[in-house]
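Quick note on labels: first sequence line is chain A, next is B, and so on, each numbered from 1.
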There are 2 protein chains.
Amino acid sequence: MTTASNRAFEIIRAQILNGGFAGGMHLKESELTELCGVSRTPVREALRRLAISGLVVFTPHQGAKVVALESGEIDEIYALRAMIEGHAANRAALRITDPMLRQLRRLALDMETAIAGNGADRAEAFLSANREFHAIIMAAADSARLGAMAALVIDVPLTLRTMSRYSEPELARSMRHHRELISAFEARDGGWAEAIMRSHILAASHALVRNTPLEVKGPATESAA
Amino acid sequence: MTTASNRAFEIIRAQILNGGFAGGMHLKESELTELCGVSRTPVREALRRLAISGLVVFTPHQGAKVVALESGEIDEIYALRAMIEGHAANRAALRITDPMLRQLRRLALDMETAIAGNGADRAEAFLSANREFHAIIMAAADSARLGAMAALVIDVPLTLRTMSRYSEPELARSMRHHRELISAFEARDGGWAEAIMRSHILAASHALVRNTPLEVKGPATESAA
DNA sequence: TTGCCCACGATTGTATACAATAATGCCCTC
DNA sequence: GAGGGCATTATTGTATACAATCGTGGGCAA
């Protein structure tokens, strides 16, 4: 069984990511208490952790507010993601194990079939596999501190609904990036892996910016990068 | 007046950085309570923040332990610092203001005179100016998230006493890096600034590793990078 | 009417009491 | 005598009560 603090963290985080808590909204500890079914103490701990993750901002004696991203910040976040995930890919290329490589190949196939199909859960299957793909690379990089940094910039873009904004050519390019990443890993070439990963993230960034309406709203999924 | 939580954070952090708490030491909340003169609640918050900063590690129902760095981790941390501060220098080059540039020039002079002199506070003066020099660049980068990432890898090397390990040629090279950074900023050349900053951090890393005895002990100051 | 000041309410910050969990040492069994 | 299981105890996790602080509204004066 997990701790009450963890439950509170997950519940509040999910609410923010799926849009239940709008950007800029003031989060009152007493309200979160009844939402999560725990007392204020674990709620407070959860809020501090969310503040570290960049999902809420904290001001003394005024509590927590859900972050409201400006368009400039989105560029900034994707630039940081490119830096961090690029570095992770470089490390991963030198450390990845064969079982991990097999998993990557399978996930790449999963994504390609998800794209080719047309079921209702098409997007969900794709995003799930994509998330795992990137998670495996971070795991292969094998650096706790790098993982902590990634957490600072991975969560936030999730507040944007992006999957539906990718055109077919953009998705195809994303697939090619995945395949080329695997090739770079097979060659154990850190520089190649890093370059492709950077391209992958930055391409996603531009696809997002170009297709994003001014006001971002609605239940969110996550970036396809 | 600051909050009790902040006081506890600063007190415990200082104890870790100056070596009062040895690596691997188990930090009991009740003991920290009497050390800091506050109750357990703010102590707990302080410990969580320290865990985020990478200075302590947390395991459920077992509390906090001061981190014990292995030699491999030091390389990893310096690689991350090179990545982050390099990126910060790149951004800073495009955003830095003239007053900030003037400050950098003054601090570079301060460091050079500190090195040239031979007073007892020689090292202290140098390190203080050096810290401010890097802080200004981070501020000029103007990215809260990047600052948060930097915090993950700036604090930890402080647990190592490094200043005394730099040879004269190494210090001279460090000074040249500072001057060249200023030149890159004046030219508003992000790529140049990033390259020099990476060199600066990585050079410091190797100077450290080469001069570090196997067991690192004693009151700590901070890295000269 | 408008601006400022004070008091009130709401909300966060802190302390302490209680519950739950994990480490430790002892005793029993083999 | 050694190993494992159980009870004890120390330590962390949680809840709640209290204190401090900030925003807000009303009232008073210019």
May I ask you to say what B/L47 touches in the nucleic acid, namely base, sugar-phosphate or nothing, with a heavy-atom cut-off under 4.0 Å?
nothing
Under 4.0 Å between a side-chain nitrogen and a carboxylate oxygen: does that hold for A/R102 and A/D98?
no
According to a strict under-4.0 Å criterion, is B/R7 in side-chain N/O contact with OP1 or OP2 of C/dG13?
no
Phosphate OP1/OP2 of D/dT12: any B/Q62 side-chain N/O under 4.0 Å
no
Sidechain-backbone polar pair: A/R13 side chain, A/F9 backbone, donor-acceptor under 3.5 Å:
no
Can you confirm whether the side chains of B/N90 and B/R198 place a donor and an acceptor under 3.5 Å from each other?
no
Let me know, please, whether A/S39 or A/H61 comes out on the 5' side of the other along DNA chain D by nearest nucleotide.
A/S39
Distance in angstrom units between B/F9 CZ and C/dG13 P, rounded
16 Å
Which whole-number value in Å describes the distance from A/L32 CG to C/dA10 P?
18 Å
Can a donor-acceptor pair under 3.5 Å be found between the side-chain atoms of A/T41 and the base atoms of D/dT16?
yes
d(CD, A/E34; P, D/dT16) in whole Å
13 Å
Between atom CZ in A/R44 and atom C1' in C/dT14, what is the gap in whole Å?
8 Å
How many angstroms lie between atom OG1 of B/T97 and atom CD of B/Q103, to the nearest 0.5 angstrom?
8.0 Å
Whole angstrom is fine here: how far is it from CD in A/E29 over to C1' in D/dT14?
15 Å
Whole angstrom value for the distance that separates C1' of D/dT9 from NZ of B/K28
12 Å
Whole-Å distance, A/F58 CZ to C/dG13 C1', equals 10 Å
Minimal heavy-atom distance between A/P42 and A/A8, with the atoms involved, is O-CB, 4.3 Å
Can you measure A/H26 atom NE2 to C/dT11 atom P for me and round it to whole angstrom units?
7 Å
Output yes when at least one side-chain N/O atom of B/R40 is less than 4.0 Å from OP1 or OP2 of C/dA15, else no.
no
Within the structure, does a side-chain N or O atom of B/R48 lie under 4.0 Å from either OP1 or OP2 of D/dG13?
yes
